[in-house]
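Order of the sequence lines sets the chain letters (A, B, ...), proteins ahead of strands, with each chain counted from 1.
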Number of protein chains: 2
Amino acid sequence: MGQRNDALTAARRRLEALQMRFTPARRSVVEILETSPGPQSAADLIVAVEGAVPISSLYRTLSVLEDSEVIVRFPDPNGVARYELAEWLTGHHHHMTCIVCGATSDVPVPKDLETAVDNIVAEVGRRFDFQVAGHRLDLQGVCAQCR
Amino acid sequence: MGQRNDALTAARRRLEALQMRFTPARRSVVEILETSPGPQSAADLIVAVEGAVPISSLYRTLSVLEDSEVIVRFPDPNGVARYELAEWLTGHHHHMTCIVCGATSDVPVPKDLETAVDNIVAEVGRRFDFQVAGHRLDLQGVCAQCR
DNA sequence: AGAGAAATGAGAATGGTTCTCATTCGCTTT
DNA sequence: AAAGCGAATGAGAACCATTCTCATTTCTCT
């Protein structure tokens, strides 16, 4: 199965299904996120689009994509928002943040380990009477480059 | 072992070791965090101290306590900073955030499960050449009250 | 070509957090 | 007890990321 344009196509379909337009700005953001090694901030994206999208429009683009569940937003360790493609487009994964350089990158946790995480999470939910809908696991440490 | 004032005493000692004063504002914050069921925001703390500490002082107090590693700060799902006692004072734990009411509470993951998490985290670090220093596991779901 | 809905761009406004600076506090030394 | 002095405080300004407003522009469908 071809993967190069899957996210782009899926995003277009999703937006069209909601009768929204797949405009150049929306397309650019999806394209950039598709090829990024980790979640990007609004500031990162402004740089990536080379200023072609004004800030106010970029934020609006991001919130449209978030509302349509093409991307997800979450705060990085400093509280600034970072965005990445939703998991139905990229698969489930976690993050590791280098405490030296600050970079956050994706970690596609191997299936065997992810299964173990799922079991733990489910068990915790059971023990604490909490109906678990999802989880986030973030590793903090030092990346290979910074060593 | 008495636990009621352990955090307070430990915090005092830590600050004094750094030749800083254990002032009323600093004491209040530690006290409040010690008795809170989960991480608190600056706004929460202002309410908890009943306005006795002005905002600018509260933030300064928080950063002093953070710098001296008595508390830790991290962003909640909306990006606003939340604070809790450092793990050397409370023990390792995780969080669960209710996607209905937004409350975040502590989850003292049972030792057996935590061991499993540790193993997974270590294994991921090994596989991805990442020197793991710590981890955060956040559950999202619906709490008992909201069901 | 024209109408109407959707999207855009510029800038103002907001909210959380940090900074500045003059004042006050609390030890320590007389 | 008073002076000296660094630490801490309080008020408000400043900052920065993000959101909002609104007039203008662009699509899409006739």
Looking at the side chain of B:S57, which of C:dT17, C:dA5, D:dG10 is the nearest nucleotide?
D:dG10

Between CZ of A:R21 and P of C:dG4 the distance, given in whole Å, is 15 Å

Can you tell which of D:dT9, D:dA8, D:dT26 lies closest to the side chain of B:T61?
D:dT9

Can we say B:R126 and B:E123 salt-bridge, meaning some charged N sits less than 4.0 Å from an Asp/Glu carboxylate O?
yes

Are A:T90 and A:E84 packed together at the side-chain level, in the sense that at least one heavy-atom pair is separated by less than 4.5 angstrom?
no

Rounded to whole Å, the CG-C1' distance (A:L58 to D:dT19) equals 13 Å

Measure CE/B:M20 against P/D:dC5 and give the value in whole Å, please.
21 Å

Could you check whether A:A43 gets within reach of a base, just the sugar-phosphate, or nothing at all, counting any heavy atom under 4.0 Å?
nothing

Could you tell me whether B:D112 and A:R127 have a side-chain N and a carboxylate O separated by less than 4.0 Å?
yes

Hydrogens and angles aside, do B:D6 and B:T9 bring a side-chain donor and acceptor to less than 3.5 Å of each other?
no

May I ask you to evaluate whether A:R73 reaches the phosphate of D:dT19, defined as a side-chain N or O under 4.0 Å from OP1 or OP2?
yes

Taking 4.0 Å as the cut-off, does a side-chain nitrogen or oxygen of A:R26 come that near to OP1 or OP2 on C:dA7?
yes

Quiz question: going by heavy-atom distance under 3.5 Å, is there a donor-acceptor pair between the base of D:dA8 and the side chain of B:T23?
no

Please give, in whole Å, the distance from C:dG16 C1' to B:Y83 OH?
10 Å

Phosphate contact (C:dT18 OP1 or OP2) by B:Y59 side-chain N/O below 4.0 Å:
no

Rounded to whole Å, how long is the line connecting atom CD1 of B:I55 with atom P of D:dA14?
17 Å

Pair A:D44-A:S41, side-chain donor/acceptor within less than 3.5 Å:
yes

Shortest side-chain distance from B:A81, nucleotide among C:dT17, C:dT20, C:dT8:
C:dT17

Minimum-distance nucleotide to A:S56 side chain [options: D:dT18, D:dC20, C:dT17]:
D:dC20

Between B:L65 (CG) and D:dA8 (P), how many Å, whole number?
11 Å

Between D:dA17 (P) and A:L62 (CG): distance, integer Å
15 Å

Between C:dA6 (C1') and A:E16 (CD): distance, integer Å:
14 Å

